[in-house]
Amino acid sequence: MAASSSWASSRNPTGVKTFFTVRDATVEEVQAVASRSLEIIDIEHVSDRNSTALFSATLTDSSFIGTLLDHGAVPETFLVDDLPARVVARLPANADIRTFVEVLQRRFPGIELRSRRQRERAVTTGNFDVALTETLTNRQRETLETAYYSGFFDSPRKSTGEEVGRSLGISQPTFQHHLRAAERKLLSQLLESSV
């Protein structure tokens with residue numbers, strides 16, 4: 001089984017909400033592995049695209065992904081073709097890499113840093129992370145992220161509002177309500193900050 005790409009994670013009151021894609025495994029195999037994990041609170045199959053399955057999961061705060069987030073890292077790829085697994089995580093430019101690796105090694109013995117790369121990132125105006133956390137409610141952010149990772153905004157659309165709503169446990173009109181509120185708030189932040 002190979003889990004990779006499309007990782008996005010954020011904290012919510014029930015734990016760490018994450019989206020990820022899995023290829024070369026059935027939905028049932030992924031759910032069986034998840035049911036044996038002590039770090040996964042719940043998991044939901046969201047959609048399928050191009051021979052990959054998109055999942056949404058809530059993880060415990062003490063999970064590996066939760067630990068990465070606690071120390072400022074953003075997971076980008078988690079590849080489990082063979083053991084040992086490989087993880088690619090993005091850290092802020094001012095991060096102390098040595099301390100970060102030492103913290104991970106104490107918490108998860110056996111982890112080793114295989115490589116390190118420094119990339120220049122484009123400068124953006126405004127702080128979208130602040131807009132996401134301070135402007136949107138948890139439900140609006142979850143709705144927006146699920147819609148995005150489900151391919152709702154793709155052209156052609158890969159998921160309908162009804163499908164995304166169902167994966168969130170809400171009706172299609174409620175999904176649309178939360179999505180429109182989130183879009184309105186983010187556009188307001190973006191457009192008013194550029195004036």
Side-chain angles (χ1 to χ4, degrees), residues 1-70 73-78 80 128-190:
M1 176 167 52
S4 64
S5 73
S6 295
W7 272 89
S9 303
S10 62
R11 290 214 174 273
N12 67 33
T14 59
V16 177
K17 182 75 169 186
T18 187
F19 294 91
F20 61 94
T21 59
V22 176
R23 59 182 162 70
D24 302 329
T26 66
V27 171
E28 293 76 20
E29 289 172 326
V30 173
Q31 290 172 332
V33 169
S35 70
R36 295 189 302 268
S37 172
L38 299 176
E39 295 187 343
I40 299 175
I41 297 169
D42 66 42
I43 188 166
E44 175 88 25
H45 174 238
V46 177
S47 67
D48 291 300
R49 7 173 170 157
N50 304 329
S51 73
T52 62
L54 176 68
F55 289 87
S56 167
T58 303
L59 310 175
T60 63
D61 287 331
S62 61
S63 67
F64 181 73
I65 300 297
T67 303
L68 290 178
L69 293 173
D70 282 344
V74 178
E76 292 185 343
T77 305
F78 193 94
V80 192
F128 248 45
D129 286 339
V130 171
L132 284 174
T133 56
E134 293 182 0
T135 306
L136 302 181
T137 66
N138 287 335
R139 190 53 144 172
Q140 289 167 350
R141 181 176 177 156
E142 179 183 30
T143 300
L144 188 64
E145 288 177 344
T146 304
Y148 177 79
Y149 290 108
S150 298
F152 180 78
F153 297 108
D154 293 357
S155 182
R157 189 169 278 171
K158 293 184 173 63
S159 296
T160 66
E162 185 177 350
E163 291 167 331
V164 178
R166 189 171 44 248
S167 76
L168 290 164
I170 58 178
S171 68
Q172 191 268 347
T174 302
F175 160 74
Q176 289 291 343
H177 171 76
H178 290 308
L179 184 64
R180 293 287 180 223
E183 290 171 334
R184 184 175 49 256
K185 287 178 179 180
L186 290 178
L187 286 171
S188 172
Q189 288 279 327
L190 179 67

S.K.: Ignoring hydrogens and geometry, is there a side-chain-to-backbone donor-acceptor pair from S159 to S150 under 3.5 Å?
M.R.: yes
S.K.: Compare every heavy atom of Q140 with every heavy atom of A181, then report the nearest pair and how far apart it is.
M.R.: CB-NE2, 3.3 Å
S.K.: Within the structure provided, determine whether T137 and K185 are in side-chain contact (heavy-atom separation under 4.5 Å).
M.R.: yes
S.K.: Within a radius of less than 6.0 Å around CG of L38, do more than 12 heavy atoms belonging to other residues, nucleotides or ligands occur?
M.R.: no
S.K.: How long is the straight-line distance from NZ of K158 back to CG of D48, given to the nearest 0.5 Å?
M.R.: 12.5 Å
S.K.: Measuring only between side-chain heavy atoms, which start at C-beta, is R139 closer than 4.5 Å to I170?
M.R.: yes
S.K.: To the nearest 0.5 angstrom, please state how far the CD atom of E44 sits from the CD atom of Q31.
M.R.: 8.0 Å
S.K.: Evaluate the side-chain contact (heavy atoms from CB on, under 4.5 Å) criterion for residues H177 and T143: first the C-alpha distance (whole Å), next the side-chain angles of each, then the deciding distance (0.1 Å), finally the verdict.
M.R.: CA-CA 10 Å; H177 171 76; T143 300; over 6 Å; no
S.K.: Of all the heavy-atom pairs spanning G66 and V16, show the shortest one and how long it is.
M.R.: CA-CG2, 3.8 Å
S.K.: Do V164 and L179 touch side chain to side chain, with heavy atoms closer than 4.5 Å?
M.R.: no
S.K.: Return the OG to CZ distance between S167 and F19, rounded to the nearest 0.5 Å.
M.R.: 7.5 Å
S.K.: Using modelled atom types and a 3.5 Å cut-off, is there a donor and acceptor pairing between side-chain atoms of S188 and backbone atoms of R184?
M.R.: no
S.K.: Please examine the side chains of V22 and E29, heavy atoms only from C-beta on, and report whether any two atoms are closer than 4.5 Å.
M.R.: no
S.K.: Work out which heavy atom in T67 is nearest to a heavy atom in S62; give both atom names and the distance.
M.R.: OG1-O, 3.7 Å
S.K.: Could you tell me whether E145 and K17 make a salt bridge, using a distance below 4.0 angstrom between a side-chain N and a carboxylate O?
M.R.: no
S.K.: Listed by chain and number, what are the ring-ring contact (aromatic ring centres under 6.0 Å, His included) partners of F55, not counting sequence neighbours?
M.R.: F20, H45
S.K.: Of all the heavy-atom pairs spanning L59 and T18, show the shortest one and how long it is.
M.R.: CD1-CG2, 3.8 Å
S.K.: Would you say that I40 contacts T58 through its side chain, given a criterion of any heavy-atom pair below 4.5 Å between the two side chains?
M.R.: no
S.K.: For G165 versus F175, what's the shortest heavy-atom pair and its separation?
M.R.: CA-CB, 4.0 Å
S.K.: Around atom CD of E162, are there more than 12 heavy atoms of other residues, nucleotides or ligands at under 6.0 Å?
M.R.: no
S.K.: Could you walk me through whether F153 and L144 pass side-chain contact (heavy atoms from CB on, under 4.5 Å), step by step?
M.R.: CA-CA 10 Å; F153 297 108; L144 188 64; 4.2 Å; yes
S.K.: I'd like to know if the side chain of S35 reaches the main chain of A32, judged simply by a donor and an acceptor atom lying under 3.5 Å from each other, with no hydrogens or angles considered.
M.R.: yes
S.K.: Of the non-hydrogen atoms in Q176 and F152, which two are nearest, and what is the gap between them?
M.R.: NE2-CZ, 3.9 Å
